[in-house]
Amino acid sequence: MNRRIAFPFLTLSDAAVEATPWEVSIDGVEWVEAGDFLSNWDSSSDIHVRRRFKVLREIVAADLSLPIEDLNLSLGVRIGTGQGRLPRLVVSRHTRAVDWENPAWQFESVIKGGMLSMVLDLHAQVTLASSPNRPGVLSPTSVGDRLWSDSVRIRLEGEEPRFPIETADLGQILGGGLQGDAPWYLHWSPRDWNRDFHGAVRLYLNRNAIEFLERIENEDPHTLQLVLADIMSQICERFLVDADADIVETEPGSLAAQAATWLRKAWPGKDVAFIRSVLESRPGVFRATFLSLAELGEA
Amino acid sequence: MTEPIMQLHSEPYGSTGNIGENFRRLLGAPTLDPLQTVIRESVQNIADAAKLGKGPEMLIRIRTLEAAQRDILEHHVLAELPAEPTSNRQIRETLDEDPLVVLEVCDFGTVGLGGPTRSDRIPVGTKLTDFIDFLRNIGTPRDTGHGGGTYGFGKVALYRASSCSTLIVDTLPHDAGPDDRRLIGCHVGRSFEIPEDDMLRRFTGRHWWGVRDPEDGVADPMTGVSADALANALGFPDRRHRGSGTSIMMVGFQTEDKDLSVSAGRIIESLLWNFWPRMMADLPASRRFRCTVMLEDEVIPVPEPESLAPFDLFCKAMRAARHSEGNDVRHIESLRPIKSLGTLAVEKGLKSPRRHLVPTDSLVPDQLHHIALMRPVELVVKYLEGNPLPDERLEWAGVFLASDEDEVERAFADSEPPAHDDWIPDNLPKGNEKSYVNIALRRLREAASEMGLQPAPAAKDGDDGPPLARLAGRLGSVLENVGGDGASRRRATGGGRGSRPKRARATRPVFEHLEVRKDHKIAVFSTELTQDAKRSGAVLQATAAVAIEGTKLDRFGEGAPNPEVISIRWADGEEVAKGAVLALAGREGGLEICVRVPEDCAVTVEVEVLEEAVSR
Amino acid sequence: MSLLLPRLPGPACESVIRDFLEHGLERWRGFDPANLPVSVRFAATGGTPVGTSELEELRADLEELARAHGFGVTNDRNSLAAFDAKVAAWLAQAELFSTGEALRDDVWSFVSAVVAPDIVHWRFGAAIERYIGGVRNTFQRLWMRGRALDRGPDHPERWKLLTKLTEDALVQITERPSIGSDPVLARAVGEAWIRASEIHGKSAMESIMRRAILGIRIRNEVRSLADLRPDNLADILNQMFEI
């Protein structure tokens, strides 16, 4: 469960669901614990996944403030894929009623490689399977109420969902002109602030800027700070130029939401008009604020 | 036959003893790959002898002695055999081998073995002692500027390659006339004693064949027309025609390969594996090795490293290291003192199909994951193994080229053991030089082991370049995540107890529990507030929002539920503030934030620490 | 062995489009599968790069669908909507787009910017986001619709949702990944929209749909809507759609 979020009903503690880590395998023979990424995958390789769940009845009853004989739960697994903050396609869904005689579930499934792209998303959850007869004041009451969940995202390809970066020959990407010699280039367009940030922005590092790349690679804090400040300030400056910029109403995960978040971080408690006036009358201060905000500290 | 006959001289012990024991001990010690050692040692020596402004030309040849040549060897060169029974038997047996196969390593366009021929008679002012260094002395310190080999213990390998520990050396020094060709035979065997005038005369076990000095009987090399005639009759390359240089014959070539063509393949592989940087086609003629390998009368082609996998990948990295220009070129530096130690270049590539030079026990790994270490002389000292790339279809190759600055070059050179096949910092006394080698090796080991740890580049259809995943992760930390909270500040200032943040801050609130108050569902969140040194945080402001899709909904649109911050209180129970704003009055510590949760939705809370009071 | 589709990375796509728009439709040389832009890539492994004949066929099919709806002749709104519905159904069934490749923006950049920029231009003019991969891409958005709103091969009116729903409704469903990525939920929302439009009338539906989508997203956070029994889900959606 996401610790930052409160539900309108009681949910399960981690002690109520014993779940092994997800295990994945490309051939079904060699299993590894699912990590950040799965190497050696390509679309010709099917992915096997497995995990064992066990729901502990007494703890569930206590957590949800429900009588022990009034517990009907479902265990579910949802498998998704596709680049982005959320999966682009739910590939399959598996559900099983929790049988208190035998409350363990050894889940195993094979996902066709051809169905997958970029990311494998495994979401597991425990939901309420029927409305309880005698619920407590805070007990969950509706079928489908989410009581426990966790997700893992396994990168199969590419860098998503991290900050999208790649090295490239800027001369080639940007055509002739001085810009081709820049150490980095942020590829983005302010035409659609509602686009998902990960689809909208990509940082290109100039492969010809050897020393710069070396510093990036060594995670030189000042270099990172400058790059990041440039990213944040160019997006935020442009965002403020758009007349309808609003730092309150933004689409979650969008470019606009990102810009708004950075602006709020830079000037806590201030409204758009105030920040815009800083940009207009004291552009130096505006930039300096982002230079400071971009300090990443030690890794 | 009118050829002259060489005379034997067995070396007696001097009155203060002689070197030689260690040498014999080494002769008996096992080596992992004797043939590779022979090639390494001989070619390093050839590289050192290439001082004439052009790259050496070398011929490595396995051949069966013809009947006439055998006859010359038996009756004119090794005509007298040592008295020591083991040596005597070994040489006898070798001479009886049928066929009698020899391995020859010959170089041309090099300085040859010049200078005095006796270590006890060195004229004042002599600088050149190549002959005595190679044939008489053992373990003499290196004296070639930025050279690769020493005439040291490494040459034991040459004796080992002979089934009777016997070499015939034919050399024409470059500063001499065509009549100054030198031919000498040498054998290393057990020390022994012979009764002489009521005394036991002790001998070191070393024996030379040449021309005995009439005074003390020490054998000097045969020279002039006699040497010419004998050497040519043995089948050595003609020196009048091909000029200065040295040919070394290992009599009775010892090999484990039944098929000599396999041995020839191993020789070629050893040449490439150890000397590919000096065999590259784009090297200036002054540095390039031109190698010919022959089996009997047939030339076995030596592939160019650029055209044979995986050396092609090494060559790419080599060019990158030489010109500091490639896909991944890093400068290895020492910070205290500041010193450039060398250049590491790494190249990755799709694994090209291998064309195997030998059927088994190849030196060349199937999936390259090695850094070739070398000094500016560009002879491979050793390969540092790293992690192979997880995708077996890919491989990487690295080259570390040590700086050519004298102090640094000398540090690496002096750390090398006699065989020049390693860098051992402990061979150096404490000081800058030792730390240069230490630092470089540490950085290289790090670089090598990091290589395989990144996700398979096959999965990334981008270009080669530095590994970016970690960087992406770090930069990604400022991206909006749950609650839309850029993590930059938190990372920059977070953590370390005792260290004050630059700005007053509060951790992102965490949901603690749900409770009921006056028919409302209340979610309690907690946060930890830390003041900066000036205690400038004046106000904590909390904002509640509906959570969707793992983050928060900023929109308070039509019909959307509206969660509300009811109160904020210090965790110790004091001072409850109604509403979403708490005056801090310089305090810090744990806080609890109570939020009313509307039906059918999830909520999340954000906090901001403001330096001035807000009016809302 | 699956077919690997050509990928055109974002920056390269932009320059291809800029070039196309600057020189105008008349100067476009047409699609030549044997001569793809230099920046086109394929996945390193995992299948066989698609051949020129398949790409030629793709071009021919898209052109035929477009011509049937006035490509080169008319810009009538109704025929454009019919084109969208037809192409969405076609793409959802196309073998070429049946794999994970179709989930990639750069693949759709290729289709729009290289294979059929003239059709994109006919459909949307010079708006660059209609050429570049993403939820607004001319063909990608249709593929997403087709995939999300397919009632299944056994349904007598399999593609009805594509023709019944308004453009606004389709956008609301497919541009929200939490709904559009999940065919179960997307279809249920589409069906609920039809039920609601019969009661409230199509003209009232835009604001109802907006509220409903927000409500669905908020509730889906605490209740797993797609896991409910269809009738149970329909009940909840009816509430959301004020039925």
Side-chain angles (χ1 to χ4, degrees), chain A residues 2-10 37 39-42 85-86 137-138 155-159 161-169 197 203 205 207 210 213-214 216-217 219 224 227-228 231-232 247-253 257-258 260-262 264-265 268-269 293-299, chain B residues 325 329-330 390-391 455-456 458-463 465-469 471-480 482-486 488-489 491-493 508-511 514 516 521 523 525 541 547-555 595 597-604 608-610 614:
Chain A
N2 188 330
R3 294 188 61 216
R4 300 264 294 117
I5 290 177
F7 275 47
F9 44 76
L10 296 172
F37 64 90
S39 45
N40 294 339
W41 177 84
D42 65 27
R85 204 172 56 86
L86 299 172
V137 192
L138 293 172
R155 261 183 306 122
L156 303 175
E157 299 173 89
E159 303 91 330
R162 297 178 174 177
F163 198 103
I165 311 178
E166 73 181 65
T167 49
D169 184 341
F197 184 85
L203 177 65
L205 305 175
R207 65 151 48 156
I210 309 276
L213 281 182
E214 205 170 295
I216 287 279
E217 195 182 353
E219 298 186 30
L224 296 188
V227 173
L228 194 52
I231 294 169
M232 296 198 291
I247 59 171
V248 180
E249 287 203 10
T250 54
E251 185 61 28
Q258 189 58 66
T261 303
W262 285 334
R264 279 200 304 263
K265 279 274 140 194
L293 189 65
E295 188 192 315
L296 281 166
E298 292 302 311
Chain B
E325 199 180 299
V329 179
R330 315 175 202 183
D391 187 330
K460 180 180 121 184
D461 52 10
D463 296 300
L468 294 172
L471 169 70
R474 287 199 68 189
L475 292 185
S477 70
V478 301
L479 295 182
E480 184 185 39
V482 174
D485 204 344
S488 58
R489 268 298 150 199
R491 281 221 179 181
T493 57
R508 297 193 297 180
V510 169
F511 169 66
L514 200 62
V516 187
K521 289 179 181 170
F525 289 80
Q541 179 176 307
I548 59 167
E549 292 147 24
T551 179
K552 67 167 188 170
L553 180 72
D554 278 322
R555 195 187 305 259
V595 180
V597 185
E599 280 306 315
D600 289 339
C601 73
V603 300
T604 182
E608 283 167 347
V609 180
L610 310 180
V614 286

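FYI, side chains are in, hydrogens and waters are out, and symmetry mates aren't considered; it's all heavy atoms of this structure. Naming: A, B, ... by sequence-line order, numbering from 1 per chain. Keep in mind the model is a prediction, meaning the values are calculated, not measured.
In terms of heavy-atom proximity, Ala602(B) sits nearest to Ile5(A) at CB-CG2, 3.5 Å.
Under the rule for a side chain to side chain contact (heavy atoms under 4.5 Å, CB included), the partners of Val516(B) that lie at least two apart in sequence or sit in another chain are Val137(A), Leu138(A). Residues satisfying the side chain to side chain contact (heavy atoms under 4.5 Å, CB included) criterion with Pro8(A), sequence neighbours excluded, are Val597(B), Val222(C).
Listed for the Arg4(A) side chain is a donor-acceptor partner under 3.5 Å among the backbone atoms of Pro509(B).
Interface residue Glu549(B): backbone and side-chain heavy atoms are both found under 4.5 Å from chain A.
Ranking Val329(B), Val510(B), Ile548(B) against chain A, the residue ahead of the rest is Val510(B), based on heavy-atom pairs under 4.5 Å.
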